[in-house]
Amino acid sequence: MIIRFFILLVGFGLAVIGGISMIAYLNLLTAGYSFVYYLKFIGMRVELHLFIIGLVMIIISIYGPSSRRN
């Protein structure tokens with residue numbers, strides 16, 4: 001149970017780091033770049049991978065099978 005909670009917290013931290021960075025990069029749109037360029041730029045950044053890994057860790061920690069010992 002404690003390991004699942006730790007995975008949840010780490011996943012949440014990674015998702016927050018990636019999500020905040022992607023929101024901060026939205027300033028490229030106000031600088032005159034197109035939305036397609038923004039998507040290509042985000043696709044090459046590490047923050048997108050952190051966000052995806054964080055979401056997967058959260059999903060695994062919540063919906064993954066539990067190993068209860070009786």
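Along the sequence shown, residues carry numbers from 1.
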Trainee: Would Val16 and Ile62 show up in the same hydrophobic cluster when neighbours are defined by side-chain heavy atoms closer than 4.5 Å?
Mentor: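 Val16 and Ile62: one cluster.
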
Trainee: Would you say Tyr63 ends up clustered with Val56 if hydrophobic residues are merged whenever their side chains have heavy atoms under 4.5 Å apart, either directly or through other cluster members?
Mentor: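 Looking at the clustering, Tyr63 is in a separate group from Val56.
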
Trainee: How many angstroms lie between OG in Ser61 and CG in Leu8, if you round to the nearest 0.5 Å?
Mentor: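 One finds 4.0 Å between OG of Ser61 and CG of Leu8.
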
Trainee: Looking at every heavy atom in both Gly43 and Leu48, which two are closest together, and how far apart are they?
Mentor: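 Minimum heavy-atom separation between Gly43 and Leu48: CA-CD2, 3.9 Å.
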
Trainee: Could you pull out all residues at least two apart from Arg4 that satisfy salt bridge (Lys or Arg N to Asp or Glu O under 4.0 Å)?
Mentor: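 For Arg4, no residue satisfies salt bridge (Lys or Arg N to Asp or Glu O under 4.0 Å) once neighbours in sequence are set aside.
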
Trainee: Decide if atom CG of Leu39 counts as having more than 12 heavy atoms of other residues, nucleotides or ligands within a radius under 6.0 Å.
Mentor: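 For Leu39, atom CG is crowded (more than 12 foreign heavy atoms under 6.0 Å).
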
Trainee: Count I, L, V, M, F, W, Y as connected when their side-chain heavy atoms are under 4.5 Å apart, and connections chain through other members. Are Ile17 and Tyr25 then in the same cluster?
Mentor: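 Ile17 and Tyr25: separate clusters.
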
Trainee: Should the heavy atoms of other residues, nucleotides or ligands under 6.0 Å from CZ of Phe12 be counted, would the total exceed 12?
Mentor: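 Count not over threshold, so no.
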
Trainee: For Leu14 and Gly54, which heavy atoms make the closest approach, and how far apart are they?
Mentor: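 Where Leu14 meets Gly54 most closely, the heavy atoms are CB-CA, 3.9 Å.
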
Trainee: Can you hop from Ile42 to Tyr37 via hydrophobic side chains spaced under 4.5 Å?
Mentor: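 Yes, Ile42 connects to Tyr37 through the hydrophobic network.
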
Trainee: Test of understanding: clusters of I, L, V, M, F, W, Y form through side-chain heavy atoms closer than 4.5 Å, transitively. Do Val10 and Ile58 belong to the same one?
Mentor: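 Each belongs to a different hydrophobic cluster.
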
Trainee: CD1/Ile52 to CE/Met57 distance, rounded to the nearest 0.5 angstrom?
Mentor: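 Reported value, rounded in 0.5 Å steps: 14.0 Å.
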
Trainee: Would Asn27 and Thr30 satisfy side-chain contact (heavy atoms from CB on, under 4.5 Å), going step by step from the backbone distance to the final call?
Mentor: CA-CA 5 Å; Asn27 284 327; Thr30 60; 4.2 Å; yes

Trainee: Take a 6.0 Å sphere around CZ of Phe41 and say whether it holds more than 12 heavy atoms from other residues, nucleotides or ligands.
Mentor: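 More than 12 within 6.0 Å, yes.
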
Trainee: State yes or no: are the ring centers of Tyr38 and Tyr33 separated by less than 6.0 Å?
Mentor: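 Between Tyr38 and Tyr33, the centre distance exceeds or equals 6.0 Å.
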
Trainee: Return the minimal non-hydrogen interatomic distance between Ser21 and Glu47, and the atom names on each side.
Mentor: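 For Ser21 and Glu47, the tightest heavy-atom pair comes out as CB-CG, 3.2 Å.
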
